[in-house]
There are 4 protein chains.
Amino acid sequence: MPTAEPPARPIGRGAKVRTAVHAATVAELLDKGYAALTVENVAQRAGVHKTTVYRRWVDRDRLLVDALAEHMSADIPVPDTGAIETDLRALAHSIVQTFSSPTGQAILAAMFTGAAHLPEIAEARRQVFDDRLARAEPAVTRAIDRGELARDTDAAEVLKTLVAPIYLRLLLTAEPVDETTADNAVQVTMAAARAGLLRTASADVPASE
Amino acid sequence: MPTAEPPARPIGRGAKVRTAVHAATVAELLDKGYAALTVENVAQRAGVHKTTVYRRWVDRDRLLVDALAEHMSADIPVPDTGAIETDLRALAHSIVQTFSSPTGQAILAAMFTGAAHLPEIAEARRQVFDDRLARAEPAVTRAIDRGELARDTDAAEVLKTLVAPIYLRLLLTAEPVDETTADNAVQVTMAAARAGLLRTASADVPASE
Amino acid sequence: MPTAEPPARPIGRGAKVRTAVHAATVAELLDKGYAALTVENVAQRAGVHKTTVYRRWVDRDRLLVDALAEHMSADIPVPDTGAIETDLRALAHSIVQTFSSPTGQAILAAMFTGAAHLPEIAEARRQVFDDRLARAEPAVTRAIDRGELARDTDAAEVLKTLVAPIYLRLLLTAEPVDETTADNAVQVTMAAARAGLLRTASADVPASE
Amino acid sequence: MPTAEPPARPIGRGAKVRTAVHAATVAELLDKGYAALTVENVAQRAGVHKTTVYRRWVDRDRLLVDALAEHMSADIPVPDTGAIETDLRALAHSIVQTFSSPTGQAILAAMFTGAAHLPEIAEARRQVFDDRLARAEPAVTRAIDRGELARDTDAAEVLKTLVAPIYLRLLLTAEPVDETTADNAVQVTMAAARAGLLRTASADVPASE
DNA sequence: GACTAAACGAGACGGTACGTCGAGTCTTTGT
DNA sequence: ACAAAGACTCGACGTACCGTCTCGTTTAGTC
């Protein structure tokens with residue numbers, strides 16, 4: 001939850017600062033990386049004074065998270081191709097494209113590098129991720145409605161199964177992630193879904209089919 | 001394993017220091033977390049002087065990575081139950097147990113929190129992971145030999161498919177990981193393997209079937 | 001006078017710090033001596049933080065020199081008794097008193113102990129000394145005007161001849177310097193001056209006599 | 001075997017070390033200056049291990065003083081021209097030459113830069129100086145015997161009067177010291193001596209003339 | 001259109017940790 | 001038995017950045 005000021009007096013004023021600092025933060029992050037990201041540099045890049053930054057964000061980490069959250073929460077194209085498989089493929093490709101770029105790499109790294117301390121931050125990271133998942137859920141829901149997937153299919157589970165191998169490669173192994181990776185993920189996910197392995201919790205203890 | 005000292009003189013000498021500092025590092029990490037991990041504190045805890053630490057490790061981060069690498073490269077029980085499914089289940093459970101403990105959490109976090117800068121460090125992290133995977137591969141190989149899995153099954157691929165959902169939950173969503181998570185992962189992996197989706201690269205361009 | 005404010009803001013602010021640190025520096029110097037003079041101790045004594053000291057003075061040595069320069073450049077009573085001999089005597093006594101005290105000893109020692117490296121510092125030391133000489137010159141000038149000394153008498157030369165034996169004893173031999181030393185110096189100087197040995201450079205190549 | 005080795009082991013060995021270290025010390029001092037003179041460098045330059053240096057000299061400062069004392073106590077030409085004035089002139093010129101060279105400057109500086117702490121060191125410095133003076137005293141004594149100077153002339157006083165202005169310039173003002181400086185010093189000293197101002201302490205009281 | 005209060009610019013400051021350097025000491029090993 | 005080799009302790013150095021504080025200077029909204 002970024003700065004939510006109820007319309008007191010200062011309305012149109014700080015918005016420009018906020019935007020400028022956000023941009024500067026992400027830019028610095030991309031240029032120098034997390035370790036070398038100083039508040040002072042960000043401030044200077046934003047054409048603003050250090051104190052001003054501290055007036056709006058308690059912390060360097062909070063600033064980062066806020067900036068990234070905003071940066072990520074933008075345009076996520078939720079695909080709707082009419083078939084779950086192509087939808088998932090579009091989704092997977094979009095993730096791959098987002099994070100296999102240098103920019104994406106930097107962002108990913110930053111989200112983990114400024115992480116452990118402050119549960120607040122881990123929480124922020126989780127939220128960003130959850131948010132993205134939530135936005136994609138309708139694709140699964142539609143598939144269920146279309147009868148492509150079983151009624152008790154767990155949308156979140158489907159999506160997690162889809163993205164897990166991609167993130168694994170992005171975060172742990174250094175393998176290049178490309179369309180093939182994405183496609184494989186789709187196939188595995190579809191196989192699992194069709195096998196009835198991605199159902200809602202209550203159905204985890206499989207009785208019949 | 002990380003620091004391979006060619007048998008110079010100081011074999012029996014510095015070894016004690018090395019061990020003590022490693023232990024102190026991990027201990028501090030668990031106690032205070034990455035952010036509050038000071039070289040000075042580590043040194044003190046190891047009953048050693050700060051400069052001595054700097055003589056052996058260039059950097060705070062390098063020290064951490066080295067300590068963790070050693071800490072992780074220990075006892076990994078490679079299961080051999082006679083059936084691939086139970087082997088995978090054992091493997092998955094072992095990961096879950098390792099990292100769902102507070103200790104494991106701290107280590108995981110640390111491995112990512114000291115990350116982005118120094119590709120050296122990302123590399124170290126990758127190596128630790130790869131190492132663990134490599135040790136588990138025989139389980140898959142044996143299954144192939146037993147005829148449980150297709151001849152062209154990609155062992156690494158199988159294992160990645162297995163662990164991906166677990167790490168996803170550990171790193172991105174904050175969901176509790178438990179036996180259920182592990183079991184689900186096993187089932188998905190088995191389904192994918194049986195569907196012929198986890199074959200070696202050359203077979204990725206499907207000809208037959 | 002609103003327009004006459006070149007010295008921007010930080011005038012009244014840092015001045016207090018500057019003074020406090022100067023005082024603390026001299027105090028520490030006197031208490032512990034040059035070798036044991038720590039920036040940290042000085043800072044603490046001044047009720048200021050180490051970094052603040054480093055913000056204003058590049059170096060421990062620079063700090064010392066600066067502090068001493070200020071300390072020495074204070075009130076130097078230029079005597080004016082109406083006769084050159086008594087003026088010189090007053091001057092000599094003043095030097096003796098200044099430097100034969102423990103305090104003076106410490107300062108003297110410090111001025112040389114923090115010396116050789118950094119020509120900057122040798123320069124500073126020279127300046128302090130020159131400054132003191134320059135302030136005393138009027139005494140000689142007046143004597144010339146009164147006809148006590150020859151018109152081409154070199155004031156600086158006179159003063160150097162006066163102080164040389166005193167500093168010799170202070171710096172090289174460890175003899176106690178007292179009034180007798182001072183008086184002897186005066187007599188020697190007077191004798192030399194009257195013998196026309198302390199004339200300006202142009203007269204250094206003596207033609208007459 | 002015991003009789004076959006007259007200059008046993010520890011005698012011939014240590015002497016060489018001593019000499020080498022002394023030389024290395026002075027060399028380092030001249031090259032880098034006092035501030036940058038480390039025991040380790042000296043040891044290395046002498047082809048000896050640090051520990052060995054510490055076995056023979058308690059201290060860095062003690063080492064320096066010892067080395068310099070040896071270095072200075074060498075060849076001091078005590079002039080004997082048959083006339084006090086020319087003797088003094090020779091003496092003064094010799095001092096000027098010794099210390100106006102870069103080498104001499106470095107030595108001088110070093111003698112003061114390692115000074116304040118350890119009264120032991122100030123003492124050593126004093127001794128070096130006293131030694132030089134003592135060696136020169138015969139020149140004055142001979143002059144007294146020849147009847148050039150009054151019987152109660154204080155030889156030490158004469159010499160100090162002679163060297164004082166030279167050292168003043170060397171240590172305090174940065175003026176170049178040359179033959180002129182030396183000659184002036186001689187003239188002043190002679191004037192003072194002839195005026196009966198440089199007599200032994202007991203004669204300081206009587207005002208006869 | 002002037003007035004007032006919040007936001008900003010500027011910059012020093014206290015504080016924590018960093019990584020470095022050199023002085024001396026201690027231990028191990030070779031001769 | 002001695003000394004070369006080198007690791008270790010200790011203390012200080014100077015640096016970087018964090019986050020705080022104070023004080024003057026805009027500037028935006030209200031009257």
Side-chain angles (χ1 to χ4, degrees), chain A residues 5 7-14 16-17 35-41 43-44 47-63, chain B residues 8-18 35-44 47-61 63, chain C residues 5 8-10 12-18 35-41 43-44 47-63, chain D residues 9-10 13-14 17 35-41 43 47-61 63:
Chain A
E5 293 294 293
R9 207 65 60 68
I11 283 210
R13 182 133 73 202
K16 239 180 314 180
V17 169
L37 187 148
T38 59
V39 174
E40 194 120 23
N41 286 351
Q44 195 170 332
V48 147
H49 200 266
K50 193 173 88 161
T51 336
T52 300
V53 173
Y54 276 111
R55 256 190 285 268
R56 291 183 185 281
W57 293 273
V58 270
D59 228 40
R60 191 184 62 140
D61 288 316
R62 256 54 154 251
L63 165 61
Chain B
R9 201 79 50 65
I11 279 219
R13 180 137 64 201
K16 239 180 311 181
V17 169
R18 204 183 133 79
L37 188 147
T38 318
V39 173
E40 193 119 26
N41 286 351
V42 167
Q44 195 169 331
V48 147
H49 203 268
K50 191 174 86 160
T51 36
T52 297
V53 174
Y54 278 112
R55 243 190 302 276
R56 291 180 184 283
W57 294 273
V58 271
D59 229 40
R60 192 185 59 141
D61 289 316
L63 165 61
Chain C
E5 293 296 287
R9 205 89 46 65
R13 180 132 70 193
K16 240 180 310 181
V17 169
R18 206 183 134 79
L37 187 146
T38 318
V39 172
E40 193 120 25
N41 286 352
Q44 195 169 332
V48 147
H49 203 268
K50 191 174 86 161
T51 35
T52 298
V53 174
Y54 278 112
R55 249 189 294 270
R56 292 182 184 281
W57 294 273
V58 271
D59 230 38
R60 192 184 59 139
D61 289 317
R62 262 37 162 260
L63 165 61
Chain D
R9 202 75 58 70
R13 173 132 81 201
V17 168
L37 188 148
T38 61
V39 173
E40 194 119 24
N41 286 351
V48 148
H49 199 267
K50 194 173 88 160
T51 344
T52 301
V53 174
Y54 276 112
R55 248 190 295 276
R56 293 182 185 280
W57 293 272
V58 271
D59 229 41
R60 190 185 63 141
D61 289 317
L63 165 61

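Chain identifiers are assigned alphabetically (A, B, ...) following the order of the sequence lines, protein sequences preceding nucleic acid strands; residue numbering begins at 1 within each chain. The structure presented is a predicted model; accordingly, all values stated were derived computationally and were not measured.
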Let's test your reading of the model: under 3.5 Å, does the base of dG6(F) pair with the side chain of Lys50(D) as donor and acceptor?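 Answer no: no donor N or O sits under 3.5 Å from an acceptor.
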
Is Thr51(C) side chain donor-acceptor paired with the dG15(E) base, going by distance under 3.5 Å alone?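 Checked by distance alone, the answer is yes.
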
What is the separation between atom [atom1] on [X] and atom [atom2] on [N], rounded to the nearest whole Å?
| X | N | atom1 | atom2 | answer |
| --- | --- | --- | --- | --- |
| Asp59(C) | dA12(F) | CG | P | 17 Å |
| Asp61(A) | dG19(F) | CG | C1' | 13 Å |
| Lys16(B) | dT9(F) | NZ | P | 12 Å |
| Gln44(C) | dT16(E) | CD | P | 13 Å |
| His49(D) | dT29(E) | NE2 | C1' | 13 Å |
| Arg55(A) | dG9(E) | CZ | C1' | 8 Å |
| Glu40(C) | dG14(E) | CD | C1' | 12 Å |
| Trp57(B) | dT20(E) | CH2 | P | 15 Å |

Base, sugar-phosphate, or nothing: which does [X] touch, judged by heavy atoms less than 4.0 Å apart?
| X | result |
| --- | --- |
| Val48(D) | nothing |
| Leu37(D) | sugar-phosphate |
| Arg60(B) | sugar-phosphate |

For the side chain of Arg60(C) and the backbone of Leu37(C), is there at least one donor-acceptor N/O pair under 3.5 Å apart?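 Between the backbone of Leu37(C) and the side chain of Arg60(C) there is a qualifying donor-acceptor contact (under 3.5 Å).
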
Between the main-chain N or O of Asn41(B) and the side-chain N or O of Thr38(B), is there a donor-acceptor pair closer than 3.5 Å?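 A pair under 3.5 Å: no.
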
Which heavy-atom pair separates Lys50(A) from Val39(A) by the least distance, and what is that distance?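 Where Lys50(A) meets Val39(A) most closely, the heavy atoms are CG-CG1, 3.9 Å.
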
Might you point out which heavy atoms bring Arg62(A) and Trp57(A) nearest each other, and give the distance in Å?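 Residues Arg62(A) and Trp57(A), closest heavy atoms: O-CD1, 4.3 Å.
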
Should Arg56(C) be listed as having a side-chain N or O under 4.0 Å from OP1 or OP2 of dC13(E)?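 For dC13(E), OP1 or OP2 has a side-chain N or O of Arg56(C) closer than 4.0 Å.
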
Strictly below 4.0 Å: does Thr52(A) bring a side-chain N or O up to OP1 or OP2 of dA7(E)?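 Checking dA7(E) against Thr52(A), no side-chain N or O comes under 4.0 Å of OP1 or OP2.
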
Using heavy-atom distances to pick each residue's nearest nucleotide on DNA chain E, tell me which of Gly47(C) and Val58(B) is more 5'.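 The residue closer to the strand's 5' end, by nearest nucleotide, is Gly47(C).
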
5' priority, DNA chain F, between Asn41(C) and Val39(A) [closest heavy atom]: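 Whichever sits nearer the 5' end wins; that is Asn41(C).
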
Which nucleotide sits closest to the side chain of Tyr54(C): dC13(E), dC13(F), dA23(E)?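 From the listed options, dC13(F) comes nearest.
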
Rounded distance [0.5 Å steps], OG1 in Thr51(A) versus NE2 in His49(A):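 Going from OG1 on Thr51(A) over to NE2 on His49(A), the span is 4.5 Å.
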
